[in-house]
2 protein chains.
Amino acid sequence: MISVDAFDLKILTALQDDGRLTNQELAELAGLSASQCSRRRMRLEQEKVISGYHADLSSEALGFGVIAFIQVGLATHSPDNSKRFRALVNRIDEIQEAYSLTGDADYVLKAVLRDLKGLSNLVNDVLMPHQSVAHVRSSIVLDRLKESAKLPLRDLKAG
Amino acid sequence: MISVDAFDLKILTALQDDGRLTNQELAELAGLSASQCSRRRMRLEQEKVISGYHADLSSEALGFGVIAFIQVGLATHSPDNSKRFRALVNRIDEIQEAYSLTGDADYVLKAVLRDLKGLSNLVNDVLMPHQSVAHVRSSIVLDRLKESAKLPLRDLKAG
DNA sequence: ATCCCGTTTGCACGCTCCTTGCGCGTCCGA
DNA sequence: TCGGACGCGCAAGGAGCGTGCAAACGGGAT
């Protein structure tokens with residue numbers, strides 16, 4: 001089993017905030033030596049507790065003006081059809097997140113697009129015509145209150 | 001205006017995939033010298049095209065078993081009430097993403113929780129009783145097809 | 001208490017990587 | 001044609017990395 005103690009938690013919390021922290025900076029924050037942080041970080045990476053590091057890019061600066069949530073209902077719920085839909089989702093880069101959900105819709109997608117034309121194109125020309133899809137409904141994001149992928153580690157117990 | 005050329009795009013694409021790439025690795029990928037990559041990276045950080053770097057942690061490994069989307073309708077749409085709701089959302093770490101949307105609900109929240117008890121607690125003990133909130137509806141994520149924050153830079157033109 | 005053994009730690013050292021200064025080539029406007 | 005601005009690679013000094021090593025720690029068994 002993966003075990004994560006209080007030092008690991010400090011390291012994880014810090015790296016979640018700033019993924020380019022040096023081991024020395026990490027050492028100060030965690031109250032450990034740099035070499036030890038290096039070793040722990042390596043272990044956490046190997047055990048896939050840390051699954052990767054990514055730069056966060058500004059969608060505004062790069063001209064992505066539209067974010068949308070798209071609810072999708074499948075035509076049939078056969079395994080083949082699901083598979084087709086998943087393959088479709090996977091090859092569309094504009095779709096950042098995709099989940100199957102309890103409730104009304106089968107799937108929810110979050111897409112980032114340059115403009116409304118891009119959204120229209122995605123919905124009307126790509127998703128709607130696909131054989132696996134029965135019905136599509138999209139909502140446009142008006143305002144982003146919060147957008148991160150940080151886990152709430154604050155109250156995690158060592159173990 | 002921010003200008004991003006083909007080299008910058010290669011750098012951004014690479015860092016979006018692996019945020020801990022060294023300047024030397026970047027140099028190979030972009031066909032540039034390491035020093036130049038360092039300079040460009042610094043510029044992109046200063047101009048906030050790169051807004052930060054983050055480690056991606058495994059929610060499974062750390063015991064977060066439940067992801068939920070929560071649709072929220074506000075009691076009234078006064079500025080004060082929105083402000084109260086935003087403040088609430090901001091101080092709840094379990095809420096990773098929060099958006100105001102076109103369509104039925106006023107807001108959609110994405111929350112990560114340890115278990116269903118955690119979700120119940122969030123919905124019934126925190127959101128529902130809050131004065132700003134009129135109505136709440138939650139959907140639990142059954143399967144994650146895709147989960148990233150990568151922008152589709154592929155077809156971006158230099159400029 | 002005492003011993004033993006596995007684990008974790010800090011330190012030292014050799015090596016890689018980062019960043020800044022510098023000189024060179026290129027492009028564009030005067 | 002000339003001059004300035006810009007972007008480039010190179011080199012060097014300094015920072016950061018990770019492995020080896022010995023000491024400190026902790027838990028169990030005697």
Side-chain angles (χ1 to χ4, degrees), chain A residues 1-58 61-63 150-151 153-159, chain B residues 1-58 61-63 150-151 153-159:
Chain A
M1 182 51 194
I2 298 163
S3 107
V4 173
D5 69 10
F7 286 125
D8 291 330
L9 268 184
K10 285 193 189 177
I11 291 173
L12 292 173
T13 305
L15 285 175
Q16 191 168 227
D17 270 328
D18 182 354
R20 282 195 84 103
L21 250 24
T22 65
N23 288 327
Q24 314 205 113
E25 293 167 314
L26 229 38
E28 276 204 53
L29 293 172
L32 226 55
S33 72
S35 56
Q36 213 43 24
C37 286
S38 168
R39 277 187 273 249
R40 280 171 180 267
R41 201 159 60 75
M42 250 187 303
R43 183 174 58 82
L44 291 168
E45 287 166 10
Q46 264 170 351
E47 286 172 348
K48 303 284 178 198
V49 178
I50 297 173
S51 58
Y53 299 90
H54 304 281
D56 246 31
L57 307 186
S58 157
L62 292 165
K150 289 184 199 167
L151 297 178
L153 298 179
R154 124 188 78 67
D155 57 348
L156 216 55
K157 279 282 183 297
Chain B
M1 183 53 195
I2 298 163
S3 106
V4 173
D5 68 10
F7 286 127
D8 290 330
L9 269 184
K10 283 193 190 176
I11 291 174
L12 292 172
T13 306
L15 284 175
Q16 191 167 227
D17 269 330
D18 181 353
R20 283 195 83 103
L21 251 22
T22 65
N23 289 327
Q24 312 203 120
E25 293 166 315
L26 228 38
E28 277 204 51
L29 293 172
L32 225 55
S33 71
S35 55
Q36 218 36 30
C37 285
S38 168
R39 278 187 273 251
R40 279 170 179 269
R41 201 159 60 77
M42 251 187 300
R43 183 174 59 81
L44 292 167
E45 287 166 9
Q46 266 171 349
E47 287 172 348
K48 302 285 179 200
V49 178
I50 297 173
S51 57
Y53 299 89
H54 305 281
D56 248 29
L57 308 186
S58 158
L62 292 165
K150 288 184 202 166
L151 297 178
L153 298 179
R154 127 187 74 68
D155 57 348
L156 216 55
K157 279 280 182 299

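Each chain gets a letter, A, B and so on, in the order its sequence line appears, and its residues count up from 1.
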Check the phosphate of dG10(C) against Gln36(A), side-chain N and O only, distance under 4.0 Å to OP1 or OP2. Yes or no? no
Examine dG9(D): is either OP1 or OP2 under 4.0 Å from a nitrogen or oxygen in the side chain of Ser35(B)? Give yes or no. no
Can you see which heavy atom on Arg41(A) is nearest to which on Ile50(A), and at what distance? CG-CD1, 4.4 Å
Confirm from the modelled atom types if Arg41(A) and dG18(D) form a donor-acceptor pair under 3.5 Å, side chain to base only. no
Is it the case that dG7(D) (base atoms only) and Arg40(B) (side chain only) share a donor and an acceptor within less than 3.5 Å, ignoring hydrogens and angles?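 It does not, because no donor-acceptor pair links the side chain of Arg40(B) to the base of dG7(D) below 3.5 Å.
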How long is the line joining [atom1] of [X] and [atom2] of [N], in whole Å?
X: Leu26(B); N: dC8(D); atom1: CG; atom2: P; value: 13 Å
X: Leu21(A); N: dA15(D); atom1: CG; atom2: C1'; value: 15 Å
X: Asp8(B); N: dC6(D); atom1: CG; atom2: P; value: 16 Å
X: Asp5(A); N: dT7(C); atom1: CG; atom2: P; value: 15 Å
X: Arg43(A); N: dG18(D); atom1: CZ; atom2: C1'; value: 16 Å
X: Leu32(A); N: dT7(C); atom1: CG; atom2: C1'; value: 14 Å
X: Asn23(B); N: dC10(D); atom1: CG; atom2: P; value: 15 Å
X: Glu28(A); N: dA15(D); atom1: CD; atom2: P; value: 15 Å

Given [options], the nucleotide with the shortest approach to the side chain of [X]:
X: Arg20(B); options: dG9(D), dC17(D), dT19(C); result: dC17(D)
X: Met42(A); options: dT19(D), dG10(C), dC18(C); result: dT19(D)
X: Arg39(B); options: dT19(D), dC17(C), dG9(D); result: dG9(D)

Could you tell me whether the side chain of Ser38(B) and the main chain of Ala34(B) form a donor-acceptor pair under 3.5 Å?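 Not a single qualifying donor-acceptor pair exists.
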Within the structure shown, what part of the strands sits under 4.0 Å from Thr22(B) by heavy-atom distance: base, sugar-phosphate, or nothing?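 Sugar-phosphate: the residue Thr22(B), judged by heavy atoms under 4.0 Å, touches backbone atoms but no base.
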Taking side chain as C-beta onward, heavy atoms only, is Gln36(A) less than 4.5 Å from Ile11(A)? no
Quick check for you: to the nearest 0.5 Å, what is the distance between Leu153(B) atom CG and Leu57(A) atom CG?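 One gets 6.0 Å once the value is rounded to the nearest 0.5 Å.
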Between the side chains of Thr22(B) and Glu25(B), does any donor sit under 3.5 Å from an acceptor? yes
